[in-house]
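Worksheet: one structure, shown below.
Keep in mind the model is a prediction, meaning the values are calculated, not measured. The first residue in the sequence is number 1, and the count goes up from there.
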Amino acid sequence: WADMGFQIYRSREVETDELNFECLNMPAHHPARDMWDTFFTTTPGVVLRTHTSPGQIHVMREMAGKPIRVILPGMCYRNEAISTRSEIQFYQVEGLVIDTDITLAHLKGTVTAFFSEFFGGTVEVRLRPSFFPFTEPSVEVDMRLTGESAPPKLRDRWIEVMGAGMVHPRVLAHAGIDPKRYQGFAFGGGIERLCMLKWGIDDVRLFHTGDLRFIQQFPAQTL
């Protein structure tokens with residue numbers, strides 16, 4: 001990401017309901033809130049963040065009027081049943097670009113460049129229509145690896161890897177950015193999911209066991 005000019009921005013894990021939901025176009029009682037199984041605290045209006053997207057509001061308010069190109073990594077929390085595919089805590093990586101004349105083509109080019117570098121092969125990317133309250137239009141990002149260097153289990157298969165879209169004008173306005181002058185795109189996905197695809201890991205729970213037999217398979221330079 002640094003090679004593409006992105007900066008790292010870290011935001012807090014304990015968040016207000018306002019920034020976790022309302023500023024992201026999900027007012028109280030909005031049905032989209034059901035998509036996030038939220039951990040509430042004993043302090044009214046304070047939650048464990050369900051995604052890294054509240055960080056978008058923080059960074060846009062801090063950098064309003066300037067071009068923005070950031071990556072927001074961090075831990076998220078959702079009150080879900082623990083299984084081989086889901087955990088109550090997980091790492092997410094989110095990207096945000098704000099400037100004039102930003103389009104979906106910039107989004108597609110950015111994620112294609114990342115997947116090509118991360119998976120080390122020829123990558124095709126397609127965008128499918130979807131819905132997220134904080135983007136318009138919203139898309140699901142699918143990826144397909146081709147060529148002999150692609151892992152056999154992934155080769156020539158379309159795999160859904162993340163959600164994305166153009167930042168909703170209301171979200172820009174809530175962050176103090178003029179939506180008539182600026183546009184932007186955002187994308188986000190699970191870091192563990194990307195690692196599971198790259199290294200053929202079949203149980204997300206392994207990431208949180210602290211088992212050295214698992215951890216020592218991955219030297220730091222490969223991550």
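- Aromatic ring centres of His51 and Phe134: separated by under 6.0 Å.
- A side-chain donor-acceptor contact under 3.5 Å links Arg78 to the backbone of Thr50.
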- Message: Applying side chain to side chain contact (heavy atoms under 4.5 Å, CB included) to Asn25 and Phe132, what does each step give before you reach the verdict?
- Response: CA-CA 9 Å; Asn25 205 29; Phe132 304 104; over 6 Å; no
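- Here the side chains of Val70 and Ile8 are not in contact, with every heavy-atom distance at 4.5 Å or above.
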- Item | Stepwise side chain to side chain contact (heavy atoms under 4.5 Å, CB included) check, Gln89 with Phe39 | CA-CA 11 Å; Gln89 60 181 25; Phe39 280 110; over 6 Å; no
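- Looking at heavy atoms from C-beta onward, Leu145 lies out of side-chain contact with Thr122 at the 4.5 angstrom threshold.
- The neighbour count for Arg205 CZ, taken as heavy atoms of other residues, nucleotides or ligands under 6.0 Å away, is above 12.
- Glu124 and Thr146 share no donor-acceptor pair across their side chains, judged by distance under 3.5 Å alone.
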- Where do Val141 and Phe187 land on the side chain to side chain contact (heavy atoms under 4.5 Å, CB included) test, with the steps shown first? CA-CA 9 Å; Val141 180; Phe187 57 86; 5.7 Å; no
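- Residues Tyr9 and Trp1 keep their aromatic ring centres 6.0 Å or farther apart.
- Of the listed residues (Gln56, Arg12, Arg49), just one forms a side chain to side chain contact (heavy atoms under 4.5 Å, CB included) with Leu19, and that residue is Arg12.
- Classification of Glu140 and Arg128 as a salt-bridged pair fails, no side-chain N sitting under 4.0 Å from a carboxylate O.
- Heavy atoms of other residues, nucleotides or ligands lying less than 6.0 angstrom from CZ of Phe119 number more than 12.
- Atom CD of Gln7 has 12 or fewer heavy atoms from other residues, nucleotides or ligands within 6.0 Å.
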- Task: Just do the side chain to side chain contact (heavy atoms under 4.5 Å, CB included) check on Leu194 and Phe114 with the steps written out, would you?
- Result: CA-CA 11 Å; Leu194 291 174; Phe114 168 71; 4.1 Å; yes
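- Annotation for Arg170: atom CZ does not count as buried by contact number, only 12 or fewer foreign heavy atoms lying within 6.0 Å.
- Side-chain atoms of Thr41 come within 3.5 Å of backbone N or O of Thr43 as a donor-acceptor pair.
- The residues Arg126 and Asp142 are annotated as salt-bridged, a charged nitrogen and a carboxylate oxygen being separated by less than 4.0 angstrom.
- Side-chain contact check for Met60 versus Val171: some heavy-atom pair is nearer than 4.5 Å.
- For the pair Leu107 and Val139, the minimum side-chain heavy-atom distance is below 4.5 Å.
- Using a 4.5 Å heavy-atom cutoff, the side chains of Thr100 and Tyr182 are in contact.
- Residue-environment remark: CZ (Arg10) stays at or below the threshold of 12 foreign heavy atoms within 6.0 Å.
- By the 4.5 Å heavy-atom criterion applied to side chains, Ile71 and Val93 are counted as neighbours.
- How far CG of Asp3 is from CD of Glu117: 7.0 Å, rounded to the nearest 0.5 Å.
- To the nearest 0.5 Å, atom NZ of residue Lys180 and atom CG of residue Leu172 are 13.0 Å apart.
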